[in-house]
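Below you'll find the structure, written out as structure tokens, and then a few comments.
Because only heavy atoms are used, hydrogens play no part in the values below, and waters and symmetry mates are left out as well, while side chains stay in.
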Amino acid sequence: MDQKKPRKTEKRQLEIVRQLRPIDDCFFEVMMEDPEACEELLQVVLENPLLRIKKETVSGQKSIRIIGKRSIRVDAYAEGNEDTIFNIEIQRADNENHVKRVRYNASVITVNRSEPGDLFEQVQELFVIYIADFDVIRNGRTISHAEMTCMETGVTLNDGLHEIFVTTIGKDNSKIARLMKEYKNPDMNNPEFPKQSKRVQEMKHDSKEAEKMCSLVEEYAREKVIQEAIESAVEFDRPKEETIARLIKKFDLTKEKAQEYYDIFAK
């Protein structure tokens with residue numbers, strides 16, 4: 001049987017896929033859909049090789065909506081075996097207040113996971129891990145942990161929220177720093193991190209996985225155009241309903257999908 005001839009657009013997409021790295025969000029989201037790779041990353045960040053996650057809860061690019069408020073889309077989401085939630089974010093652009101973004105994401109996830117009648121002591125433990133291609137905290141450390149602390153006594157208050165900031169530009173030789181160096185490698189294949197390396201190799205060199213990534217690259221580019229259209233509409237004070245109607249017509253979206261995009265990207 002004759003093989004399908006690759007078109008120019010397909011060749012271009014394959015070239016883009018070859019250049020993508022784990023630090024690139026569209027690649028990371030697919031990479032984290034693999035429970036083994038996600039679990040390994042969490043084990044390294046939290047320095048806990050015994051950490052286990054519920055494999056069926058793992059999701060790359062998960063949308064979490066709060067009706068009437070700004071929704072969020074998280075890059076990776078998983079739940080632990082001990083009533084724990086993990087949100088992992090990838091960020092390359094230093095173009096917003098990242099600390100407040102972490103705070104907002106944590107609030108939305110907490111509300112979304114709460115039920116009427118829940119006691120406050122039942123609020124789940126939440127880890128927000130923010131991996132950036134720059135030093136968010138600007139303290140020169142590869143990894144920085146933020147917890148609620150009483151300023152007068154220095155005592156940490158156990159509110160169940162753990163904010164962890166990780167940078168790819170750390171200069172120490174810790175395990176997390178070595179992993180972050182690999183996150184900038186387009187062809188990560190390091191035996192120290194076997195599960196994530198295996199996933200990267202599959203996504204790069206398995207024909208079905210590469211084809212899937214090509215489709216996602218195209219979809220990601222389309223979403224960027226939608227995001228820009230929404231941000232422009234907000235900048236020029238265009239009414240929400242009018243903007244949603246334009247999105248439906250221009251991008252052939254359902255009303256529900258257009259509303260979801262608006263809730264996520266409107267700033």
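- The closest side-chain heavy-atom distance from L161 to V128 is below 4.5 Å.
- Contact detail for L247 and A229: the closest heavy-atom pair is CD2-CB, 4.4 Å.
- Rounding to the nearest 0.5 Å places OG of S107 at 12.0 Å from CG of N112.
- Using a 4.0 Å cut-off between charged nitrogen and carboxylate oxygen, K198 and E36 do not count as a salt-bridge pair.
- Under a 4.0 Å N-O distance rule, the pair E242/R246 qualifies as a salt bridge.
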Practice item. Before giving the answer on side chain to side chain contact (heavy atoms under 4.5 Å, CB included), spell out for N105 and I64 the whole-Å C-alpha distance, their side-chain angles and the decisive distance to 0.1 Å. Key: CA-CA 9 Å; N105 280 13; I64 301 176; over 6 Å; no

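- I72 and Y261 fall into different hydrophobic clusters, defined by Ile, Leu, Val, Met, Phe, Trp and Tyr side-chain heavy atoms under 4.5 Å apart, directly or through other members.
- Rounded to the nearest 0.5 angstrom, N87 CG and E163 CD are separated by 11.0 Å.
- Using a cutoff of 4.0 Å between basic side-chain nitrogens and carboxylate oxygens, D252 and K257 are not scored as salt-bridged.
- Both I88 and L20 belong to a common hydrophobic cluster when Ile, Leu, Val, Met, Phe, Trp and Tyr are linked at side-chain heavy-atom distances under 4.5 angstrom.
- Using a 4.0 Å cut-off between charged nitrogen and carboxylate oxygen, D25 and R92 do not count as a salt-bridge pair.
- Under the 4.5 Å side-chain criterion, counting only non-hydrogen atoms from C-beta, I264 is not in contact with I230.
- Clustering ILVMFWY residues whenever any of their side-chain heavy atoms sit less than 4.5 angstrom apart, transitively, puts V99 in the very cluster that holds V108.
- Side-chain N or O atoms of T57 include one that pairs as donor or acceptor with a backbone N or O of E79 at under 3.5 Å.
- Shown here is E147, whose CD atom has more than 12 heavy atoms of other residues, nucleotides or ligands within 6.0 Å.
- The two residues P186 and K204 have their closest heavy-atom pair at O-CE, 2.7 Å.
- Taken from NZ in K181 to CG in N173, the straight-line distance is 7.0 Å, to the nearest 0.5 Å.
- Taken to the nearest 0.5 Å, the CZ atom of F86 stands 9.0 Å off from the CD atom of E125.
- Panel note: side chain D135, backbone G140; a donor-acceptor pair is recorded below 3.5 Å.
- Of the inter-residue distances, the one linking E231 atom CD with F236 atom CZ reads 12.5 Å to the nearest 0.5 angstrom.
- Other residues, nucleotides and ligands place no more than 12 heavy atoms under 6.0 Å from the CZ atom of R103.
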Exercise for review: Please lay out, stage by stage, how N190 and S197 fare under the test side-chain hydrogen bond (donor to acceptor under 3.5 Å, both in side chains).
Suggested key: CA-CA 6 Å; N190 188 329; S197 293; 5.8 Å; no

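- Between H98 and E89 there is no side-chain heavy-atom pair separated by less than 4.5 Å.
- Because its NZ or CZ atom is not both nearer than 6.0 Å to the ring centre of Y104 and within 45° of the ring axis, K100 does not count as a cation-pi partner of that residue.
- Using a distance-only test at 3.5 Å, with no hydrogens or angles considered, no donor-acceptor pair links the side chain of T149 to the main chain of T156.
- Here the closest heavy-atom approach between residue E39 and residue I53 is recorded as OE2-N, 3.0 Å.
- A continuous path of Ile, Leu, Val, Met, Phe, Trp and Tyr side chains, each step under 4.5 Å between heavy atoms, connects F251 with Y262, placing both in one hydrophobic cluster.
- The aromatic rings of H162 and F127 sit parallel to each other, their planes meeting at less than 30°, with 60° as the upper class boundary.
- Comment: E29 does not engage R73 in a salt bridge, judged by the lack of any side-chain N to carboxylate O separation of less than 4.0 angstrom.
- Between R199 and E40 there is no salt bridge, since no side-chain N of the basic residue sits under 4.0 Å from a carboxylate O of the acidic one.
- Look at D133 and K184 and you find a salt bridge, because one of the NZ, NE, NH1 or NH2 atoms lies within 4.0 Å of a carboxylate O, short of that distance.
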Practice item. Report the C-alpha separation of E182 and Q196 in whole Å, then their side-chain angles, then the decisive distance to 0.1 Å, and conclude whether the side chain to side chain contact (heavy atoms under 4.5 Å, CB included) test is met. Key: CA-CA 10 Å; E182 290 293 343; Q196 293 170 89; over 6 Å; no

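- R141 places none of its side-chain heavy atoms less than 4.5 Å from the side chain of F165.
- Transitive grouping of hydrophobic side chains (ILVMFWY, heavy atoms separated by less than 4.5 Å) keeps I169 and L179 in distinct clusters.
- Under the 4.0 Å criterion applied to side-chain N and carboxylate O atoms, D24 and R21 are assigned as salt-bridge partners.
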Practice item. Any chance you could lay out the side chain to side chain contact (heavy atoms under 4.5 Å, CB included) test for L42 and I129, step after step, and finish with the verdict? Key: CA-CA 9 Å; L42 290 170; I129 299 164; 3.4 Å; yes

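- Closest non-hydrogen pair, P22 versus M31, comes out as CB-SD, 3.9 Å.
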Review point. When you look at D172 and T142, which way does the side-chain hydrogen bond (donor to acceptor under 3.5 Å, both in side chains) test go after all the steps?
Key: CA-CA 7 Å; D172 60 88; T142 301; 2.4 Å; yes

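- A 6.0 Å sphere centred on NZ of K55 holds more than 12 heavy atoms belonging to other residues, nucleotides or ligands.
- At a threshold of 4.5 Å between non-hydrogen side-chain atoms, the residues Q201 and D187 count as touching.
- The shortest distance between side-chain heavy atoms of E218 and I16 does not fall below 4.5 Å.
- Atoms CD1 and CD1, from I131 and I23 in turn, are 6.5 Å apart once rounded to the nearest 0.5 Å.
- With a 6.0 Å radius and a threshold of 12 heavy atoms from other residues, nucleotides or ligands, Q122 has its CD atom above the threshold.
- Across all their heavy atoms, K62 and S59 have their closest contact at CB-OG, 3.7 Å.
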Practice item. Output, in order, the C-alpha distance, side-chain angles, deciding distance and verdict of side-chain hydrogen bond (donor to acceptor under 3.5 Å, both in side chains) for E223 and Q227. Key: CA-CA 6 Å; E223 286 196 355; Q227 179 179 355; over 6 Å; no

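- In this structure, the side chains of Q19 and E15 come closer than 4.5 Å at one or more pairs of heavy atoms.
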Point to revise | Test log, rule side chain to side chain contact (heavy atoms under 4.5 Å, CB included), inputs R52 and Q43 | key: CA-CA 8 Å; R52 295 293 182 268; Q43 289 172 345; 3.0 Å; yes

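- Closest heavy-atom contact between F134 and T167: O-OG1, 3.0 Å.
- By the 4.5 Å heavy-atom criterion applied to side chains, R222 and E219 are counted as neighbours.
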